[in-house]
Every structure is written in C-alpha cells, then in structure tokens.
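Only one structure is covered here, and it is reproduced in the block below.
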Amino acid sequence: MKKACLLFVFIITLFTQRISAQDSASHLRISLLTAGAGEELYSTWGHTALRIIDSVKQTDIIFNFGFFDFNDPDFYSKFTRGKLDYFLVAQSFTDFMYEYQVEKRYVIEQELLLSANSKLSIQEVLIQTLNSSARVYKYDFLYNNCTSRVRDILIKYGGLKSERALVPPGTTFRNMLHEFLDKGHPWSKLGIDLLLGSPIDKVANNTESMFLPEYLMKGVDSSQNLVLQKMVLLNGAPAEMPNNKLPLYIFSVITIVIFGISVIKNKTARIITRVLDITLFLVTGLLGCFLLFMWFGTDHKACAANYNLLWALPTNLVVVFALWKNPRWLQKYFYLCMVIHILTLLLWFWLPQQFNIALIPVVALLLQRCWKLGKL
C-alpha cells in the first residue's frame, strides 16, 4: 500500500511538473527568420536570425549572430587575417526589419512547433550566450557563421532533422555559393573562386548544406512537424541578372589583343609587348604571393590548398626583374612554366579544385608568352 501511494505521488508530481512546464512556455513563440539576398557581396547569401515573442513580458526580440564591430581600429587587418570577432546581439523586431525594408529584401518567418521544454531550452541558451563571453565567436565561412550557429541550436534543442536531401548528390560548398553568385555577382564569383581554395570543393552533407540561410529554411520546412506556420513578412524585389560570362569575354578579348600585338614585328609593338609581359608576370606573381599569404598567414581555412597557384606563380615576380637582363636560367624557367600551364589546361576539369572558366584565357596567355619568351 505504501509503495502504491509513493508511486501515485511520483506520477502526480511528474504530471504537475509537465503541466507547469507547459504553462511556463505557453506564452513563448519562437520563429526562424530568413532574409533574402542584398546587393552587397556580404549580403549575397541572405541572413538568419531567431525571433522570440513573450506575450507575458510583451517583448519581441531578435537574436542575431551576425554582428561585428566595424569601428574596431584593426578591423581590416583582423578581417583579412580571419581574426575578426563576430558576436550575438539582441535587437528589437522593428530595428531588425528596418534594414530589410530599406534594401527591399524579403523576410520569411517560420514559426516553430516546439515542446515547452524545447522553447525554454532555446530561450535559456540564447540568453546565457548573450550574457557571457560565449556571445563572441571566431567566424568561419563554412562551419561557424551566423546561420550555422542557429542551425546547431535548432538541431540540439529543437529536433531539427531534414527528412529529405536538400542538395543533389555530389553538390559541393562551391556549387552552393555559385548558385547565389550567379544571380548578379560575376566579378565577385571570380574573386571568390580565386581566393577560396580546395576546401570549399568538399561535398556538403545534408546538415552542412544548411550553412546558408535559404538552405536552413528549406531544412526546417522538410523537418517533420517542426513548422507551425510560414509567413512572408516582407516581399523582396527580384535580383537583376547581368551577363555572368562578362569576365570570360573581357579576358578573352585581352588575350587576343596581346597575342595580336606580340606577332607584330616593328619596334613599337616589341616595346608594348615587353611592357605587357612585365605587367602580366607582375600581376600573376603578386596574386600568387597574396594567395600564399591567405593560405599560410591567416586563419581562413577556406583559403588553404589553393590550386590557383598552379598558374598564379609567386616566382613570376622574379621574372619581372630578370626580363631586363635575360639570364640563362630564364629560358629553362619559361619551359618549366609551359609544362605546368599545359598540364593545368589539360586537367582543368579534373583537378581537386573547381577553377573559374574565365581564367582559361589567362592561363592560355601565360602559356603563349612563356613559349614565346623561352625561344628568345
């Protein structure tokens, strides 16, 4: 009889605690906010934040992991070296929406269907993070950004688990970045393909693919019984679609012009060709040095193992000075570069890193100039 009473008391206690927990969280509404792409490069992939409405305290707070201190005196140095701190902030819903209203970007809200314990856990971890040193974090383009932070919270405390594949098999991080860059940033796409090395050519799994805002939104949509309702808070203007092959066309024209000048035999053409050669080897040499610095001198993991160094050779800087005296070793250097450039072009689509197609004329021009200079 005593054991039966104790069991009854235990069950009543658990039931009371469950009712109490439900009551304590019934006034909370938690939503995922996804903002569309903006015109600036940093906003190309959109943005993610969590919204918590407390009907008792009458608060509407946005928890945003995407802030950094632009007024930091070492901002540019830290940003370049991958040492810039990002941090979590709490802001009002009105302030958050104002930016997207001005920029005419869409904002979509997914109200999450969460248990009382999940709501309380998400609210607690956000508040604890906000009020501790953990609010500051080292930004990583692929694995630790403002969207992946929200994704990890929803996986751990909200039961986020996408029920379907979000990207086709074999999709890489670079493929996903290109999807958005192709909508209006051809030169930014070229710059990113130059700067970011082979790590972003890794195939992204389902969880990793949610490092971008739109894909986290899709993942939440496909997670069973996680979305209570979905609403469009702001309608965004459609992005303009410029000619995404513009860099390819421009580099092709430059290559043809330089080749044309180089085959002219008069003195003026030879002087112009020499100046163009110096410029070509100077630019590619400086670029190669910069890519080496981004690989070994910064914390940007995505800039490591950059195969663009196969054609942007840092040693080309030495050639700039050697061209004036034409030492004997220079001919062997040009022949070696010819072999490297030929192999690069032949293996273009099979290298561990996807190259930007606009660079084919550049590598072809380097090959032609090395062949020509090696004969002198």
Side-chain angles (χ1 to χ4, degrees), residues 25-38 43-55 59-67 86-101 103 105-130 135 137 143-167 176 180 204 206-236:
S26 60
H27 60 287
L28 295 178
R29 174 186 161 195
I30 300 180
S31 302
L32 175 70
L33 298 184
T34 303
S43 63
T44 299
W45 298 277
H47 191 50
T48 296
L50 283 172
R51 179 186 187 185
I52 299 183
I53 298 175
D54 189 327
S55 59
T59 56
D60 190 348
I61 300 174
I62 303 297
F63 290 88
N64 189 342
F65 283 95
F67 271 70
Y86 278 64
F87 49 89
L88 169 68
V89 299
Q91 57 186 146
S92 71
F93 175 71
T94 303
D95 290 343
F96 176 83
M97 293 294 289
Y98 177 75
E99 173 185 354
Y100 302 103
Q101 289 173 335
E103 298 181 3
R105 296 162 62 183
Y106 76 72
V107 177
I108 295 175
E109 179 178 27
Q110 293 163 293
E111 184 179 351
L112 304 177
L113 181 59
L114 301 168
S115 68
N117 287 334
S118 292
K119 289 182 179 179
L120 293 173
S121 295
I122 290 173
Q123 183 186 50
E124 182 180 2
V125 73
L126 288 170
I127 292 174
Q128 286 182 351
T129 302
L130 185 66
R135 68 189 289 264
Y137 67 99
Y143 300 110
N144 196 21
N145 60 34
C146 50
T147 298
S148 67
R149 286 251 156 176
V150 173
R151 175 200 65 194
D152 294 344
I153 289 174
L154 294 182
I155 289 175
K156 186 172 182 179
Y157 301 104
L160 169 61
K161 184 179 180 181
S162 180
E163 300 295 330
R164 59 179 173 80
L166 300 176
V167 294
M176 297 180 69
F180 295 86
N206 225 33
T207 299
E208 290 171 338
S209 70
M210 291 186 279
F211 81 106
L212 293 177
E214 189 172 309
Y215 280 90
L216 177 57
M217 179 174 66
K218 291 178 180 178
V220 169
D221 274 337
S222 68
S223 188
Q224 189 174 13
N225 300 323
L226 187 56
V227 179
L228 182 61
Q229 61 176 331
K230 187 175 182 179
M231 298 161 287
V232 177
L233 302 182
L234 283 177
N235 282 306

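Counted by atom type alone, S121 and S118 present zero donor-acceptor pairs between their side chains at under 3.5 Å. In the model, S222 has a side-chain atom that pairs as donor or acceptor with a side-chain atom of S162 under 3.5 Å.
A distance of 12.5 Å separates CZ in F87 from SG in C146, rounded to the nearest 0.5 Å.
A donor-acceptor pair is defined here as one N or O able to donate and one able to accept, closer than 3.5 Å; such a pair exists between the side chain of K119 and the backbone of L28. Listed for the E214 side chain is no donor-acceptor partner under 3.5 Å among the backbone atoms of G36. Within the 3.5 Å criterion, the main-chain N or O of L166 finds a donor-acceptor partner in the side chain of N206.
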request  = Apply side-chain contact (heavy atoms from CB on, under 4.5 Å) to the pair I61 and Q91, showing each step before the final yes or no.
outcome  = CA-CA 6 Å; I61 300 174; Q91 57 186 146; over 6 Å; no
L216 and T34: CA distance, side-chain angles, deciding distance, side-chain contact (heavy atoms from CB on, under 4.5 Å) verdict = CA-CA 9 Å; L216 177 57; T34 303; over 6 Å; no
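Nearest heavy-atom pair, R105 versus E99, reported as atom, atom and distance to 0.1 Å: NH1-OE2, 3.9 Å. Closest approach of T48 to N64, counting heavy atoms only: O-OD1, 4.3 Å. Taking each heavy atom of Q123 and I52 in turn, the nearest pair found is CA-CD1, 4.0 Å. Closest of all the heavy-atom pairs between R151 and Y143 is NH2-O, 4.4 Å. Nearest approach of E111 to Q229, heavy atoms of both residues: OE1-NE2, 2.6 Å. The two residues Y100 and H47 have their closest heavy-atom pair at OH-CD2, 3.3 Å.
Few gaps surround NZ on K230; more than 12 heavy atoms of other groups in view lie less than 6.0 Å from it. Within 6.0 Å of OH in Y98 there are 12 or fewer heavy atoms belonging to other residues, nucleotides or ligands.
A salt bridge links R29 with E109; the closest basic N to acidic carboxylate O contact falls under 4.0 Å.
Ring-plane geometry between F180 and Y215 is classed as perpendicular, the angle between the planes exceeding 60 degrees on a 0 to 90 degree scale with a lower cut at 30.
Applying the side chain to side chain contact (heavy atoms under 4.5 Å, CB included) test between F65 and each of T147, N145, I153 identifies I153 as the sole match.
Inter-residue side-chain proximity for V232 and Y106 is flagged as unmet; no heavy-atom pair is nearer than 4.5 Å. Using a 4.5 Å heavy-atom cutoff, the side chains of L32 and I108 are not in contact. Under the 4.5 Å side-chain criterion, counting only non-hydrogen atoms from C-beta, F93 is in contact with I62.
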